[in-house]
Number of protein chains: 2
Amino acid sequence: MASSGAETGRIGRPPRLSRAAIISAAQRILEQDGPEGLSMRRVAKELSSTAMSLYHHVRDKDELLLLLLEEHARRTPRPALPEAPRERLVATACHLHDVLADCPWIVEVLTSDDLTAVSALWMVEGILDAAVGCGLSPEQAVHVYRSIWYYTAGEILVRAGRNRRYAELDRPAYRDQALAALDPADFPRLSALAGQWPELTLQDTHRQDIQAIVDGLLQQAGV
Amino acid sequence: MASSGAETGRIGRPPRLSRAAIISAAQRILEQDGPEGLSMRRVAKELSSTAMSLYHHVRDKDELLLLLLEEHARRTPRPALPEAPRERLVATACHLHDVLADCPWIVEVLTSDDLTAVSALWMVEGILDAAVGCGLSPEQAVHVYRSIWYYTAGEILVRAGRNRRYAELDRPAYRDQALAALDPADFPRLSALAGQWPELTLQDTHRQDIQAIVDGLLQQAGV
DNA sequence: ACCTGAACACCGTTCAAGT
DNA sequence: ACCTGAACACCGTTCAAGT
């Protein structure tokens, strides 16, 4: 047969770039330089191309980030989940957390739309279904999902911010200054904890927290 | 007496800019153009000055944002709080949420450090104290505070993102496309809810959610 | 001490032109 | 159809020079 362009029935110059190539270039950059390093210009350079050529394959940077999340979710294996709806609800929510916590670059996408990536939607479906399985109405189930989502997004975003800050060693932390200057008479609890604060805030309690949210909301709903 | 420069015992050119002037210029910009409009260059222009002159009064943009939060928290009146520790815990956490929700520009600060602004720390102290009043150890109290903080930060950040997105009317929402294309056989819950999704996610349930977190965590702690 | 202009090292995106 | 260079309209921040 003829060239690949003819095969697909298209005319004109055959593409040198592709969505797949762009995504894997972006992944390479994320691995090497982290999320701060990811720019359209940088991706183009990685492909020995120009920033503008990318716009023929992705609508904008947001779409590129969404595609990256899509890939990440697709690659992450689905865990075995418990049968009982209440345990399944918590387990799915924890898995959702873990999938996202695994890629700190996701931070920018988290607040844009609530988890649009199609390959991640089975988790949303799973949480809703388990919540209904617990005896909630569909509307109540959405409420539970949304609360879990807010907590999860916050946990990951705040943690990522904390890590970014610790990475910049040169800048003296505002918080340490502020906590040290506090009058123990006005802030007895904070002052007593000042020393342990960093280690206490680094602890990962997301499983317990999600359990607490689920327990609390199910109790409110009276099921 | 002599000039204000001599009065303060300093020498050299008297300052034309000041922290206070910079802060109020920034507030004006936030009111008019929102958080996207706030840049060092824009603040300088508002003061008929150059971006660089600002750096004599604030260390960097982060410090400026912190000063803005400080001001906002100072201006917000402290509410009357219930005596009973459990109710006080929830009420203080809700107030914390409301203070921050009141200024969407805060978003950028939220993830940097956990609420360093001194004039906002009484809320952290209040939450810790109420948690201890419920019978928790100081360490457990920090856990409760941190969980509330994650939820609150997430709620505000995701909401702010949603509003930003709705403001850009021209861009077709990826989510609506994605939800519409779902196979109802694979995603029965999501498909059934697709139509109501926007209105359901706009509901504000933060009071119930915070109550649920508190209830759930206190129950876990066995108090 | 305080302010300035110019420069550095970036962004995402649009547009008209090339092949 | 696909890719390009140049340009637009921005960023935060540093640095050497001015008053």
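We name chains A, B, ... by the order of the sequence lines, and we start the count at 1 in each one.
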Rounded to whole angstrom units, what separation is found between the [atom1] atom of [X] and the [atom2] atom of [N]?
X: A:D33; N: C:dC10; atom1: CG; atom2: P; answer: 11 Å
X: B:Y55; N: D:dC11; atom1: OH; atom2: P; answer: 11 Å
X: B:R59; N: D:dT14; atom1: CZ; atom2: C1'; answer: 16 Å
X: B:K45; N: C:dG5; atom1: NZ; atom2: P; answer: 13 Å
X: A:E36; N: D:dC11; atom1: CD; atom2: C1'; answer: 16 Å
X: B:K61; N: D:dC11; atom1: NZ; atom2: C1'; answer: 8 Å
X: A:L54; N: D:dC3; atom1: CG; atom2: C1'; answer: 11 Å
X: A:D60; N: C:dG12; atom1: CG; atom2: C1'; answer: 9 Å

Does [X] put a side-chain nitrogen or oxygen below 4.0 Å from OP1 or OP2 of [N]?
X: A:H57; N: D:dC3; value: yes
X: A:S53; N: D:dC2; value: no
X: B:S49; N: C:dT4; value: yes
X: A:T50; N: D:dC3; value: no

Report the residues that fulfil ring-ring contact (aromatic ring centres under 6.0 Å, His included) with B:W105, sequence neighbours left out, ordered by chain and then residue number. none
Could you give me the stems involving DNA chain C, meaning stretches of three or more consecutive Watson-Crick or G-U wobble pairs whose two defining distances are both below 3.5 Å? C:4-8 with D:12-16, C:12-16 with D:4-8
What nucleic acid atoms does B:M40 come within less than 4.0 Å of, heavy atoms only: base, sugar-phosphate, or nothing? sugar-phosphate
Pairing of [X] and [Y] as salt bridge, 4.0 angstrom limit:
X: A:R42; Y: A:D33; result: yes
X: A:R19; Y: A:E63; result: yes
X: B:E31; Y: B:R28; result: no

Tell me whether the side-chain N or O atoms of B:H56 pair up with the base of C:dC3 as donor and acceptor below 3.5 Å, since no angle test is needed here. yes
Nearest to the A:R41 side chain among C:dA6, D:dA7, D:dC11, which nucleotide is it? D:dA7
Residue pairs passing the salt bridge (charged side-chain N to carboxylate O under 4.0 Å, His left out) test with at least one member in residues 178-191 of chain A, sequence neighbours excluded, are A:R189-B:D129
Main chain of A:S119, side chain of A:E70: is a donor-acceptor contact present, judged purely on distance under 3.5 Å? yes
Taking the side chain as C-beta and beyond, is there a heavy-atom pair between A:L200 and B:H143 under 4.5 Å? no
Between C:dA9 and D:dA9, how far apart are the two P atoms, rounded to whole Å? 24 Å
